[in-house]
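For reference, the structure is listed below as structure tokens.
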Amino acid sequence: MEDAAVVVEPRITQEVQGAVLLVGLSRARKKNAFDIEMLRGLSDALTRLDADPSLRVGVVYAHGSDFTSGLDLADVAPHLAQGAPLFTDGAIDPWGTQGRRLSKPLVVAVKGLCYTVGIELLLNAEVCIASADTRFSQMEVSRGIFPFGGGTVRWVERVGWGNAMRWMLTGDTLDAKEALRIGLVQEVAPPDEVLGRAIAMAERIAAQAPLGVAATLRSARLAREEGPSAALQALLPELRDLMVSEDAQEGLRSFLERRPADFQGR
């Protein structure tokens, strides 16, 4: 008698909903701990989002009760020690520390455990909606390492030096209420509403002019990475390019005609 076929479930699920790509972390039995396959699956999904002109915003969420318990170090550590690439060559780095960065907005919906790389993922996104039951911990110092997914930079940017050091240097756990208070997340929702709120936020962003959204991201990132002066000098050249776009003309027409705009990204 032949053995029954083993069904291998994908580590990452993808679902298109209008102009939004829903990307699900799907290793619930391991509390969505990231192994190499899951890291690369998330990278591939965001690479698809970046390349497909019909997709305007991404939402990353979790199947199961927890967003992620962090890295599956038993699987990932050997790759890190050997200096092996974590992602396919030329693909998007979801944490934005090396290689290509996502050029479109990302909304993250977290719940349950959100540890280490989960926090660093939301810090590299544009908006985070947290379930009221979320527990956060940047606990790398308790494992003999440090936050290497952008946390040391982005915690400070997001919540200020004192708040960042308080949580990174202790590895202590903070709840959703405290995360909202210090600005780590942008909204807290009941557990059964968090994904719906994240999708609604993504759809709201997707309804705006894609070229305008992209220019806003570029300008804000330029200010963060190269300083305010560099971003200020680039404002007018960026605006001139946008003013001759079809979307800018549609924006003006829709305003004058008092109707919702129908942006095409051109």
Side-chain angles (χ1 to χ4, degrees), residues 7-17 20-49 55 57-73 75-76 86-87 92-96 102 104-140 147 149-151 154 173-180 184-203 205:
V7 178
V8 179
E9 297 182 354
R11 294 285 198 271
I12 299 293
T13 64
Q14 299 183 44
E15 178 186 351
V16 175
Q17 188 168 306
V20 176
L21 179 65
L22 304 180
V23 180
L25 308 184
S26 187
R27 201 187 182 205
R29 62 186 179 83
K30 293 290 188 179
K31 297 186 182 297
N32 286 322
F34 278 88
D35 60 3
I36 286 295
E37 183 180 345
M38 194 166 168
L39 289 170
R40 290 176 178 167
L42 179 58
S43 172
D44 290 344
L46 297 187
T47 301
R48 173 190 179 185
L49 169 64
L55 298 173
V57 185
V59 172
V60 176
Y61 69 103
H63 297 280
S65 59
D66 298 298
F67 185 68
T68 180
S69 59
L71 281 179
D72 183 341
L73 283 174
D75 183 79
V76 177
L86 297 181
F87 312 114
I92 295 292
D93 174 2
W95 286 267
L102 183 63
K104 297 177 182 178
L106 190 66
V107 179
V108 177
V110 299
K111 60 181 178 179
L113 301 181
C114 183
Y115 289 172
T116 61
V117 293
I119 297 176
E120 291 172 309
L121 180 61
L122 74 86
L123 284 171
N124 191 44
E126 280 56 62
V127 180
C128 179
I129 312 295
S131 170
D133 67 357
T134 311
R135 288 165 287 159
F136 302 87
S137 179
Q138 196 78 62
M139 62 177 69
E140 284 89 344
R154 297 193 181 111
T173 300
L174 63 154
D175 61 18
K177 182 178 179 181
E178 178 66 6
L180 181 64
L184 181 64
V185 304
Q186 285 63 65
E187 185 177 332
V188 173
D192 61 347
E193 296 179 14
V194 65
L195 179 56
R197 286 293 306 129
I199 293 173
M201 180 69 69
E203 290 175 339
I205 296 170

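The structure presented is a predicted model; accordingly, all values stated were derived computationally and were not measured. What you see below is based on every heavy atom in this structure, not just the backbone, and it leaves out hydrogens, waters and symmetry mates.
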How far apart are the closest heavy atoms of Pro105 and Glu126, and which atoms are they? CA-OE1, 3.3 Å
Go through the structure and list residues passing side chain to side chain contact (heavy atoms under 4.5 Å, CB included) with Asp133, not counting sequence neighbours. Lys111, Ser131, Pro191
Return the CG to NZ distance between Asp66 and Lys31, rounded to the nearest 0.5 Å. 4.5 Å
Test: ring pair (Phe, Tyr, Trp, His ring centres under 6.0 Å). Region: residues 110-140. Which pairs qualify, not counting sequence neighbours? none
Quick one, Ile12 with Met38, criterion side-chain contact (heavy atoms from CB on, under 4.5 Å). Give me CA distance, side-chain angles, the key distance, then yes/no. CA-CA 6 Å; Ile12 299 293; Met38 194 166 168; 4.0 Å; yes
Would you give the length of the straight line joining atom CG of Leu86 to atom CZ of Arg40, rounded to the nearest 0.5 angstrom? 7.0 Å
In Å and rounded to the nearest 0.5 Å, what is the CG to CD distance from Leu180 to Glu178? 9.5 Å
What verdict does the side-chain contact (heavy atoms from CB on, under 4.5 Å) test give for Lys104 and Val57, after you've listed the backbone C-alpha separation in whole Å, the side-chain angles of each residue and the deciding distance to 0.1 Å? CA-CA 6 Å; Lys104 297 177 182 178; Val57 185; over 6 Å; no
Going from CG on Leu42 to CH2 on Trp95, what distance comes out if it is rounded to the nearest 0.5 angstrom? 5.0 Å
Can you name the side chain to side chain donor-acceptor pair (under 3.5 Å) partners of Thr13, sequence neighbours left out? His63
Is there a side-chain contact between Arg48 and Val23 in this structure, where contact means two heavy atoms from C-beta onward sitting under 4.5 Å apart? no
If a pair satisfies side-chain hydrogen bond (donor to acceptor under 3.5 Å, both in side chains) and one of its residues is in residues 184-194, list it, with sequence neighbours excluded. Glu187-Arg197
Under 4.5 Å between any side-chain heavy atoms of Thr116 and Pro147, yes or no? no
By side chain to side chain donor-acceptor pair (under 3.5 Å), Arg154 pairs with (sequence neighbours left out) Asn124
Taking every heavy atom of Thr134 against every heavy atom of Val110, the minimum-distance pair comes out as OG1-O, 3.4 Å
If I take atom CG from residue Leu106 and atom CG from residue Leu121, how far apart are they, to the nearest 0.5 angstrom? 6.5 Å
Is there a side-chain contact (heavy atoms from CB on, under 4.5 Å) between Leu184 and Leu123 once you walk through the steps? CA-CA 8 Å; Leu184 181 64; Leu123 284 171; 3.6 Å; yes
About how many Å separate CD of Glu15 and CG of Leu21, when rounded to the nearest 0.5 Å? 9.0 Å
Close side-chain approach of Phe34 and Thr68, heavy atoms under 4.5 Å: yes
Residues in side chain to side chain contact (heavy atoms under 4.5 Å, CB included) with Ala33, at least two apart? Arg27, Ser69, Asp72
Any chance you could lay out the side-chain contact (heavy atoms from CB on, under 4.5 Å) test for Leu195 and Val59, step after step, and finish with the verdict? CA-CA 9 Å; Leu195 179 56; Val59 172; 4.2 Å; yes
The side chain to side chain contact (heavy atoms under 4.5 Å, CB included) partners of Ser43 (sequence neighbours excluded) come to Thr47, Phe87, Ala91, Pro94
Closest heavy-atom pair and its distance - Val194, Ala130: CG2-C, 3.7 Å
With sequence neighbours excluded, tell me which residues meet side chain to side chain contact (heavy atoms under 4.5 Å, CB included) with Glu203. Gln17, Val20, Ile199
Which residues satisfy the ring pair (Phe, Tyr, Trp, His ring centres under 6.0 Å) test with Phe67, sequence neighbours excluded? none
